[in-house]
Each structure stands twice: as C-alpha cells, then as structure tokens.
There are 2 protein chains.
Amino acid sequence: MEELKTLVNRLSPLPDSDFEALKALFQKRTVKKKGFVQIENNLVNEIHYVPNGNYRGYINKDGEEITTHFYFGPTFLADYLSYKTKQRTKHNIQAFQDGIYYSANFDELEALGETSLALTRFFLKFFQAVYLYKEQRAVSFVNDSPEERYLNFFKIRPKVIEQMPLKYIASYLGMTPETLSRIRNKIRFSEE
Amino acid sequence: MEELKTLVNRLSPLPDSDFEALKALFQKRTVKKKGFVQIENNLVNEIHYVPNGNYRGYINKDGEEITTHFYFGPTFLADYLSYKTKQRTKHNIQAFQDGIYYSANFDELEALGETSLALTRFFLKFFQAVYLYKEQRAVSFVNDSPEERYLNFFKIRPKVIEQMPLKYIASYLGMTPETLSRIRNKIRFSEE
DNA sequence: ACAACTACTTGATTAAAATCAAGAAAAATA
DNA sequence: TATTTTTCTTGATTTTAATCAAGTAGTTGT
C-alpha cells in the first residue's frame, strides 16, 4: 500500500490523518490471471486500487469484446458511470495476471470526501485528470482517421501499444484487428 | 445573474458568501449573432457563464468545421483542456444569436476554489457531471454505428436534435450531413 | 419582393474499412 | 518438448459511408 501514498500525493497531497482514513476504507483482494475485478450486469458500489499489474476493461457488444480501458498499476479502477447512475454496469474488468488489489465502498469514500477540504480537493484533482484524458480521447475520435487515432494514441500511451495485444488496441481505437494490422504494416513500410 | 445561483445550487449548494465571491469574478460581456466567445489559436484563461441562448463549439479540421459541443444556456462554457495544458485552443465557440455572457479568470476561480470546502465541492460536482457526459459519449463512439449514435444522442439531448442544424449534428456525431440526412430518411420511413 | 446565400435532400460513384477466409507465427499449457 | 490454442497477417470480397454533383427548399439581407 506504500505506492498508494505516492499515487495520491501526485494528484493532491493529503495530511497523514486523511490518508490513513482513506487507506482504511480499502480491503485487500486477490485475483487470478484472466479473473475479473468487475463483471457486467452487476451494480457497482466499489472503487479499486491496483498497486501493480495490467488490467483491461471491456464491453460485450453483440458477442464481441470491445476494449474500453487499459489499466497499468499503480492506478485506480472504477465504473463511476454505473455507480452514479445506479445502472447495472456493462463493463468487465479483467486481470492479465495473478494479482492483488484493494477495494473501497464508493458511498463510504464519498462520505469521507465530504469531511475534509484536502480530500475533496483530492477527488477534484482526480476527476479533473480523468476528464482531461476523456476529452483528449473524444477529440481524437471526432477528429482523426483510424490511422491518426493510432498514431495519436501511440504518442499518449506508448506502453499500451508496446504491451497490449493488437486485438484489444484495435477495438479500443474503434477498428478491427485486420485494419490495425494493415495500418501497422503501412507505417512500418513508410518508415523504412 | 439570478439563474447562476440556480445553476450552481443544482450542482452543489453554496453559502451566500461563497456564491457572492464566485459571482464577483464574472465580468459581463456581449456577443453578436455569429460572434465568438472563444477563437482558436488563443491561450485560454477564462471560463464563461451563459445565462441563455445557444452556442456551438467547433474545431477546424482541414478547412472543415467539426462541431464538438452544443451549449444551451444557462450553462458554463470552457476549454479546460487548453487552460490546463497551456496549449493554444483548437476550439471556436460561436453564438447563434446576439447575447450576453459573463467571463471569469480561470486562475482566480481556481484560487477561490481552494479557499472553501463548499466551493471545492462545487467544482468537484461540476467535473463529475462533465466527466459522466464525456464517458457516455465515448462509450457511444466506441460502441455504436452512426445510426445508433444518432438515436442514442437523440435520447440524451433531444433539444439539440430539434434545434440545431443538421450539418452541425452530423459532424458532432462523426458523419457527413449526407449520411445523417439518409439516416433520418430511413428512420422516418421505418416509423411509418 | 428579390437576390443571394445556406441548408437539406437525393442519386451516382468512389473510397475506406469490415467481413470472410486461410495460413503463419507466437504463446500457453499439458 | 510437443500439442493446442491464440494472435497476427495477408488476400479477396462485400459493405458502409464519403465524396462528388445537382437540384430544391428555406432563410437572410437589401
């Protein structure tokens, strides 16, 4: 849990007492390779902290898995949309390897957030950060061709491109694996 | 400025003193029909409050205007991405009619936000709300065909569909006006 | 009221990406 | 290590939406 402090402080530093209260809400869990942290059709009432390892979020669309998120620890995992709207989640979150993570109840977390300026500020910074990420992604989808989307994503998250299987990247970028394979082939060719 | 209080309180109620301090940051401006609240290539350091009237945000992409936002007063207008990253904005924000609006300096607003729990909480709620909107839009883009995107957007923001010119809606949904026109024609036909 | 402009529609053609299909390469697991 | 499974690549074909083009309706401004 030591890296949690680093992760939190990078967003917005917390007094020790606040950090301890925050930390106390998280319960340790384990997950097997290809196991799930979250499964579609459930109501979401937890947020998860993942110290390390890789995870993938995806939606089932007509039997096809469409990847919507790549998570690299240390990071948080959550489906805030499902939590907030009280709709059953469409998102599955799957581990790429055996791992541990920590889960906190969303309601308790929000209640705790109300109690201190530093914590509220921390949540604010958190949402500002994820908002910025979303905004960039949205602009790229409206603005860019599949090839541009790939190159743009490469700039923003090179590690995902390096470490994640092509088929997941393809669906994340809104195209088929075949199309992405051809785009890569084309780029390879044009670089030589 | 009376509706500002309603708009603010709907997100998160503020004590009078906080609200007055917030209000004091906003300066009245006027804009002509087809005039601009924000023009691309500038650095953004203001957020705007629009009591009424309609506005449109768009990006120039190879000479084409791609609509990225529809704003219906009372609401806030901002390019938080540009402000936060200190990159020149790509977004133009244009009025559909003569109107008045109010502008506040982003730095001053953020500084004010630091001073009170209620204000920080207000900003948190604000970002949570825009985040939710973004998330829904992102899911729709990854998940849906052009027709589904249109139907989905119709559900979420019927007023935009009713009141905005087709060509702006088309680019907002990532398609050409011709394609949207055909989609509408098809839907009309299948409804009869 | 008229002219000029803008928005929308519809059809024909082209271009881009999806789908279908097969095989090669790589990774997982027994 | 051998076998099975998964991932990736490549080609052929189909589908979808973009582009090109022309015409109509509607709006704006003089």
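Throughout, protein chains are lettered first and strands after them, A, B, ... in sequence-line order, and every chain is numbered starting at 1.
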Return the value, rounded to whole Å, for the distance between atom [atom1] of [X] and atom [atom2] of [N].
{"X": "A:Lys167", "N": "D:dT5", "atom1": "NZ", "atom2": "P", "value": "15 Å"}
{"X": "B:Leu180", "N": "D:dT16", "atom1": "CG", "atom2": "C1'", "value": "15 Å"}
{"X": "A:Glu65", "N": "D:dT6", "atom1": "CD", "atom2": "P", "value": "12 Å"}
{"X": "A:Arg184", "N": "D:dT7", "atom1": "CZ", "atom2": "C1'", "value": "12 Å"}
{"X": "B:Glu64", "N": "D:dC20", "atom1": "CD", "atom2": "P", "value": "10 Å"}
{"X": "B:Lys186", "N": "C:dT10", "atom1": "NZ", "atom2": "P", "value": "15 Å"}
{"X": "B:Arg149", "N": "D:dA17", "atom1": "CZ", "atom2": "C1'", "value": "11 Å"}
{"X": "B:Met164", "N": "C:dA7", "atom1": "CE", "atom2": "P", "value": "13 Å"}

Among B:Val31, B:Thr30, B:Leu77, whose side chain to side chain contact (heavy atoms under 4.5 Å, CB included) with B:Tyr101 holds?
B:Val31

Determine which pairs satisfy ring pair (Phe, Tyr, Trp, His ring centres under 6.0 Å) with at least one residue from residues 134-160 of chain A, sequence neighbours left out, and list them in order.
A:Phe153-A:Tyr172

What heavy-atom pair brings A:Ala118 and A:Leu14 nearest, and what distance separates the two atoms?
O-CD2, 3.4 Å

Here's a test of your reading of the structure: between B:Pro165 and A:Arg182, which maps to the more 5' nucleotide of DNA chain C?
B:Pro165

Could you go over nucleotides 15-17 of chain C and give all protein N or O partners under 3.5 Å, atom names and distances?
none

Side-chain donor/acceptor of B:Glu40 to backbone N/O of B:Ile59, under 3.5 Å:
no

Any donor-acceptor pair under 3.5 Å from A:Tyr168 side chain to A:Arg56 backbone:
no

With side-chain hydrogen bond (donor to acceptor under 3.5 Å, both in side chains) as the criterion, how do A:His91 and A:Ser82 come out once you've worked through the C-alpha distance, each side chain's angles and the decisive distance to 0.1 Å?
CA-CA 9 Å; A:His91 291 271; A:Ser82 169; over 6 Å; no

Going 5' to 3' through nucleotides 21-30 of chain D, assign each nucleotide B (protein heavy atom under 4.0 Å from a base atom), S (under 4.0 Å only from sugar-phosphate atoms) or - (no protein heavy atom that close).
B---------

Taking atom types as modelled, find out whether B:Tyr55 and B:Gln38 have a side-chain donor-acceptor pair closer than 3.5 angstrom.
no

Could you verify whether a donor N or O on one side chain and an acceptor N or O on the other, from A:Ser103 and A:Arg29, lie under 3.5 Å apart?
yes

Check whether any side-chain nitrogen or oxygen of B:Asn185 sits under 4.0 Å from OP1 or OP2 of C:dT10, and answer yes or no.
yes

Member of B:Phe106, B:Phe126, B:Phe127 meeting the ring pair (Phe, Tyr, Trp, His ring centres under 6.0 Å) criterion with B:Phe76
B:Phe126

